[in-house]
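The structure appears below as structure tokens.
Reckoned from all heavy atoms, side chains included, excluding hydrogens, waters and symmetry mates.
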Amino acid sequence: MQERKTKILIIGSGPAGYSAAIYAARAGFNPILVTGMTPGGQLTITTDVENYPGFAEAIQGPWLMDQMRDQAAHVGAEIVYDYVESVDFSKRPFVCKTSGGTTYIAWCVIIATGAQAMWLGLESEKTFRGFGVSGCATCDGFFFRGKNVAVVGGGNTAVEEALYLTNHASHVTLIHRRDALRAEKILQERLFAHPKISVLWDHVVSEIKGEEAPLRMTGVELTHTKTGEKSLHAFDGLFVAVGHKPATEIFKGQIDMDEVGYITCPPGTVFTNVEGVFAAGDVQERLYRQAVVAAGQGCMAALDAARDIESHPECHF
């Protein structure tokens with residue numbers, strides 16, 4: 001069992017985590033970043049990225065994460081490929097233990113473990129993810145200009161995704177397993193009034209169809225939830241909007257969260273209810289879910305952590 005001390009420990013390695021590491025390292029705090037089970041986060045399964053500032057041409061998500069990681073290491077952050085499995089935020093300094101057997105004693109902790117889109121669980125969904133199947137309309141809607149697409153879900157996220165896609169797609173079909181939506185009434189009114197949106201009630205996606213050369217989806221097989229009848233429908237794209245799940249299991253009971261598991265912070269901040277613990281990116285931000293927003297919050301968390309350390313002379317790490 002190894003024990004290490006650090007002024008700033010960063011848990012998670014997406015845009016928020018790497019940005020926090022860059023800013024904390026440049027401030028001279030020699031932060032340690034523990035990557036987690038998926039170094040780079042959701043962008044590692046994203047192909048073309050066209051909306052990250054600074055790149056005139058589309059870039060690859062995994063490449064962008066590699067660049068952020070290398071930049072963080074270059075300016076002095078230590079990148080550790082391990083997984084934090086327990087934390088103790090009851091007193092300072094904080095204690096965080098990893099599956100690799102290391103115990104980190106940290107004065108400040110930045111949580112940047114992110115969130116993951118919930119999927120349907122189909123093998124064909126995995127096959128065509130990135131090739132017609134997406135979990136983010138604002139990320140990928142641009143690629144479906146003039147196309148016929150579908151959205152799966154019935155909550156606020158699904159309706160918002162459908163409405164957003166009308167800016168690009170020729171037609172949007174909302175597929176819902178029930179005969180009524182869970183979304184807020186005002187969103188439903190906008191959805192039903194939109195001429196480019198139609199709704200398929202009482203259906204679930206049972207299979208995603210496509211071609212292998214080139215790899216792309218061409219449609220979906222739907223199953224009627226009441227009759228069991230199956231039907232084929234042609235779509236150029238399928239957006240799965242059945243919710244997101246924040247990666248916050250290990251923090252339950254340690255900091256305040258909402259009913260879904262998102263860490264609660266005052267609007268516009270990265271402060272948790274525990275002094276010295278900060279939350280950045282999709283782990284607390286459930287509205288925009290964009291890499292550039294997560295990166296900005298990572299910067300905020302690092303700057304706030306630096307101010308916290310400077311205001312506590314008893315921090316002698």
Side-chain angles (χ1 to χ4, degrees), residues 6-44 46 49 51-55 59 61-81 84 87 94 96 104 106-116 136 139 244 246-248 251 255 262-272 274-310:
T6 180
K7 290 182 178 179
I8 300 178
L9 178 69
I10 302 163
I11 306 175
S13 56
Y18 285 141
S19 294
I22 291 167
Y23 276 84
R26 293 187 73 252
F29 291 106
N30 302 313
I32 297 174
L33 182 149
V34 180
T35 62
M37 296 181 68
T38 309
Q42 294 185 70
L43 276 183
T44 59
T46 302
V49 176
N51 57 1
Y52 199 86
F55 302 95
I59 56 175
W63 177 85
L64 179 60
M65 289 298 92
D66 287 348
Q67 293 296 303
M68 286 190 182
R69 177 201 62 205
D70 293 348
Q71 183 181 4
H74 177 73
V75 295
E78 181 179 349
I79 312 296
V80 178
Y81 293 90
V84 175
V87 299
F94 306 118
C96 304
Y104 290 96
W107 185 256
C108 287
V109 173
I110 297 174
I111 300 171
T113 47
Q116 293 183 335
C136 179
C139 306
H244 281 72
T248 56
F251 307 113
I255 51 178
Y262 286 93
I263 296 172
T264 53
C265 300
T269 79
V270 292
F271 297 107
T272 71
V274 178
E275 182 183 7
V277 178
F278 308 89
D282 287 2
V283 76
Q284 65 116 318
E285 201 292 299
R286 58 191 300 176
L287 179 60
Y288 299 105
R289 302 198 312 273
Q290 299 298 304
V292 67
V293 176
Q297 289 192 343
C299 163
M300 293 165 60
L303 296 178
D304 286 333
R307 294 188 186 100
D308 180 276
I309 293 169
E310 291 165 355

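At most 12 heavy atoms of other shown residues, nucleotides or ligands fall within 6.0 angstrom of atom CD in Gln116. Annotation: Phe55, atom CZ; neighbour count of heavy atoms from other residues, nucleotides and ligands within 6.0 Å is above 12. For OH of Tyr104, the number of neighbouring non-hydrogen atoms (other residues, nucleotides, ligands) closer than 6.0 Å is greater than 12.
Nearest heavy atoms, Asp282 versus Gln290: OD1-N, 4.4 Å. The two residues Ala291 and Pro15 make their nearest non-hydrogen contact at O-CB, 3.6 Å. Closest approach of Ala305 to Cys108, counting heavy atoms only: O-SG, 3.9 Å. A pairwise comparison of heavy atoms in Arg69 and Tyr81 identifies CD-OH, 3.1 Å as the closest pair. Taking each heavy atom of Glu275 and Phe94 in turn, the nearest pair found is O-CZ, 3.3 Å. Closest heavy-atom contact between Glu285 and Val293: CG-CG1, 4.1 Å.
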Quick one: do Thr248 and Ile111 satisfy side-chain contact (heavy atoms from CB on, under 4.5 Å)? Show the steps, please.
CA-CA 9 Å; Thr248 56; Ile111 300 171; 5.8 Å; no
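Atom-to-atom distance recorded for Tyr18:OH and Gln71:CD is 12.0 Å, nearest 0.5 angstrom. Rounding to the nearest 0.5 angstrom, the gap separating the CG atom in Asn51 from the CD1 atom in Ile59 is 9.0 Å. Separating the CE atom in Met300 from the CZ atom in Phe271 is a distance of 8.0 Å, to the nearest 0.5 Å. Annotation: the span from Leu303 atom CG to Arg26 atom CZ amounts to 10.5 Å, rounded to 0.5 Å. Taking CD1 of Ile110 as the reference point, atom OH of Tyr23 lies at 12.5 Å (rounded to 0.5 Å). Atom OG1 of Thr35 and atom CD1 of Ile79 lie 8.5 Å apart (nearest 0.5 Å).
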